[in-house]
Novice: 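Dropping the structure in here first, questions after.
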Amino acid sequence: MTETHKTKVLIIGSGPAGYTAAIYAARANLEPILVTGMDQGGQLMITTDVENYPGFAKPVQGPWLMEQMRLQAEHVGARIINDYVIDIDVSERPFKAKGDSGDVYSGETLIISTGAKARWLGIPSEETYKGRGVSACATCDGFFFRDKDVAIIGGGNSAVEEALFLTNFCNSVTMIHRRDELRAEKIMQKRIFENGKINVLWNKTVEEILGDNSGMTGLKLKDTQSGEISTIDKDGVFVAIGHKPETDLVKDVLDIDKEGYLVTAPDSTATNIPGVFAAGDVADNKYRQAVTAAAMGCMAALEADRFLSIQK
């Protein structure tokens, strides 16, 4: 039997932004409801060592950190429901969201913290060999490539982090980047250049993923400067070229930038619809860090509280 759940603050999506918003809203006696979504805990659930989140002298495991955030949110009074939102109506207040379960969630304010998902190359052969040598999650699948030679595509922090992680299992890791310099932080770059298992192929794009009935066997590359085509033998490839913000539910009603991220007011999490706020990677196309997502969750909850007080 379906049910309608009412709250002053409805939070869609878990992860650092959603859980932090729930913590702050609960401590403000707003009795928030957080609907977790399909990927409970967000991207940190597939992150092993987290060493850049304040408060921990040594690296912590991503799933453990997210579990602690969830437990903290529940401890201070947030109600967390495991459901997946399939439709959102922001045409009037209270805003309404329909879950895959059939339940309806009604909120006087709405905080969207649905995060982002990995981007793929978009070439046909990628689909052919997904799960058969092609992956977008080194921490999920790296173990299966023990003592193998793999490649990773990308040049940002995520690509570097995954390349370093793969050296724990793989015989060698080849980074493929379309430019002649990486976008990753300098300290991360230093780590890969000093790692004997990692080498970088500059100014290269992947034209095709090669393989046979057994799975992926190599890559066809194109030089971005000369146009020269070459091939390399690899047992696997990991795609780390960025993320797609999860905005499909609201892309026709909320303002979105050219990269697909929700647009918020300067120094605010407010969207173009009063009472609707956006926090975390769904609205952050610049930093995309756990600590900044948590900060935005805090901001969203405080702004939701302020908005409600003005409506009285």
Side-chain angles (χ1 to χ4, degrees), residues 9-28 30 32-85 109-118 137 139-140 156-158 161-162 185 240 242-247 249 261-262 264 267-271 276-305:
V9 180
L10 176 61
I11 304 166
I12 307 298
S14 46
Y19 286 145
T20 304
I23 291 167
Y24 273 80
R27 295 186 73 251
L30 297 177
I33 290 177
L34 183 152
V35 184
T36 61
M38 196 172 296
D39 299 320
Q40 298 178 31
Q43 295 178 61
L44 281 184
M45 294 301 288
I46 57 173
T47 303
T48 50
D49 290 347
V50 178
E51 63 179 4
N52 57 2
Y53 197 88
F56 304 97
K58 297 181 179 180
V60 297
Q61 298 295 298
W64 177 86
L65 180 59
M66 298 320 302
E67 179 186 21
Q68 295 303 304
M69 287 191 187
R70 175 174 179 143
L71 291 173
Q72 183 179 2
E74 291 178 322
H75 174 73
V76 294
R79 184 181 176 192
I80 298 177
I81 300 176
N82 297 327
D83 199 356
Y84 176 69
V85 172
T109 59
L110 175 64
I111 297 175
I112 300 172
S113 56
T114 45
K117 286 187 177 180
C137 179
T139 54
C140 305
N157 280 346
S158 295
E161 288 171 1
E162 297 213 335
E185 297 171 356
H243 295 83
K244 175 185 178 300
E246 292 293 301
T247 56
L249 287 170
Y261 291 85
L262 292 181
T264 56
D267 300 320
S268 172
T269 62
T271 68
V276 180
F277 307 90
D281 287 6
V282 74
D284 178 11
N285 64 357
K286 183 176 182 180
Y287 300 106
R288 296 190 293 270
Q289 300 295 307
V291 67
T292 51
M296 291 179 72
C298 164
M299 292 169 59
L302 294 176
E303 289 185 286
D305 186 21

Novice: Once side-chain contact (heavy atoms from CB on, under 4.5 Å) is applied, do any residues pair with Thr36, and if so which ones, sequence neighbours excluded?
Specialist: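 Per chain and number, Thr36 pairs via side-chain contact (heavy atoms from CB on, under 4.5 Å) with Ser14, Leu34, Gln40, Arg70, Ile80, Asn82.
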Novice: Hey, what do you get for CD (Glu161) to CD (Glu51), rounding to the nearest 0.5 Å?
Specialist: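 Reported value, rounded in 0.5 Å steps: 8.0 Å.
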Novice: With side chains defined as the heavy atoms from C-beta onward, is the minimum distance between Pro63 and Leu44 less than 4.5 Å?
Specialist: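 No. Closest side-chain heavy atoms not under 4.5 Å.
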Novice: Working to the nearest 0.5 angstrom, can you tell me the gap between Met45 CE and Leu65 CG?
Specialist: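 Nearest 0.5 Å value for the CE-CG distance: 10.5 Å.
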Novice: With side chains defined as the heavy atoms from C-beta onward, is the minimum distance between His75 and Leu71 less than 4.5 Å?
Specialist: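 Side chain of His75 against side chain of Leu71, heavy atoms only: no contact under 4.5 Å found.
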Novice: Could you walk me through whether Tyr19 and Met66 pass side chain to side chain contact (heavy atoms under 4.5 Å, CB included), step by step?
Specialist: CA-CA 8 Å; Tyr19 286 145; Met66 298 320 302; 3.5 Å; yes
Novice: Is it true that a side-chain atom of Glu303 and a backbone atom of Thr269 form a donor plus acceptor pair closer than 3.5 Å?
Specialist: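 Yes: the side chain of Glu303 pairs with the backbone of Thr269.
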Novice: For residues Met296 and Ala283, report the shortest heavy-atom separation together with the two atoms involved.
Specialist: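 The pair with the smallest heavy-atom distance is CE-CB, 4.0 Å.
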Novice: Take Ile12 and Leu110 through the test side chain to side chain contact (heavy atoms under 4.5 Å, CB included) and record every step on the way to the result.
Specialist: CA-CA 8 Å; Ile12 307 298; Leu110 175 64; 3.6 Å; yes
Novice: Minimum heavy-atom separation for Gln61 to Val50, with atom names?
Specialist: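 Heavy-atom minimum between the residues: C-CG2, 4.5 Å.
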Novice: Could you check whether any side-chain N or O of Asp284 sits under 3.5 Å from a backbone N or O of Ala279, counting only pairs where one atom can act as donor and the other as acceptor?
Specialist: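 It does not hold such a pair.
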Novice: Under the side chain to side chain contact (heavy atoms under 4.5 Å, CB included) rule, what do Gln289 and Asn52 come out as? Steps first, then yes or no, please.
Specialist: CA-CA 9 Å; Gln289 300 295 307; Asn52 57 2; 3.4 Å; yes
Novice: In Å, rounded to the nearest 0.5 Å, how long is the span from CD1 of Ile11 to OG1 of Thr114?
Specialist: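 If I round to the nearest 0.5 Å, the distance is 12.5 Å.
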Novice: Just do the side chain to side chain contact (heavy atoms under 4.5 Å, CB included) check on Thr247 and Tyr261 with the steps written out, would you?
Specialist: CA-CA 7 Å; Thr247 56; Tyr261 291 85; over 6 Å; no
Novice: For a quick test of reading the model, state the closest non-hydrogen atom pair linking Ala116 to His243 and the distance between them.
Specialist: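 Scanning both residues completely, I find the closest heavy atoms to be CB-CB, 3.7 Å.
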Novice: Is it the case that more than 12 heavy atoms not belonging to Tyr287 sit under 6.0 Å from its OH atom?
Specialist: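 At most 12 heavy atoms, drawn from other residues, nucleotides or ligands, come within 6.0 Å of this atom.
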Novice: Taking side-chain contact (heavy atoms from CB on, under 4.5 Å) as the definition, give me every residue that meets it alongside Ala294, ordered by chain and number, with sequence neighbours left out.
Specialist: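 Scan of Ala294 (side-chain contact (heavy atoms from CB on, under 4.5 Å), adjacent residues dropped) gives Pro16, Thr20, Tyr53.
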Novice: Taking all heavy atoms of Tyr84 and all of Val35, pick out the closest pair and write down the distance.
Specialist: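 Reported closest heavy-atom pair: N-CG1, 4.4 Å.
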Novice: Output yes when a side-chain donor or acceptor of Thr109 lies under 3.5 Å from a complementary backbone atom of Ala304, and no otherwise.
Specialist: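 Side chain of Thr109 to backbone of Ala304: no pair is present.
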Novice: Measure the spacing between CD of Glu246 and CG of Leu262 and express it to the nearest 0.5 Å.
Specialist: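 Rounded to the nearest 0.5 Å, the CD-CG separation comes to 11.0 Å.
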Novice: Of the non-hydrogen atoms in Leu249 and Val85, which two are nearest, and what is the gap between them?
Specialist: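 Here Leu249 and Val85 meet closest at CD1-O, 3.6 Å.
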Novice: If you compare all heavy atoms of Ser268 against all heavy atoms of Thr264, which two are closest, and at what distance to 0.1 Å?
Specialist: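 Answer, listing the atom of Ser268 first, then Thr264: O-OG1, 3.2 Å.
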Novice: Hey, does the side chain of Ser113 reach the backbone of Gly13 with a donor-acceptor pair shorter than 3.5 angstrom?
Specialist: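 Checking the backbone N and O of Gly13 against the side chain of Ser113, a donor-acceptor pair under 3.5 Å is found.
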Novice: What distance separates Thr271 OG1 from Phe277 CZ, expressed to the nearest 0.5 Å?
Specialist: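 Separation between the atoms: 7.5 Å.
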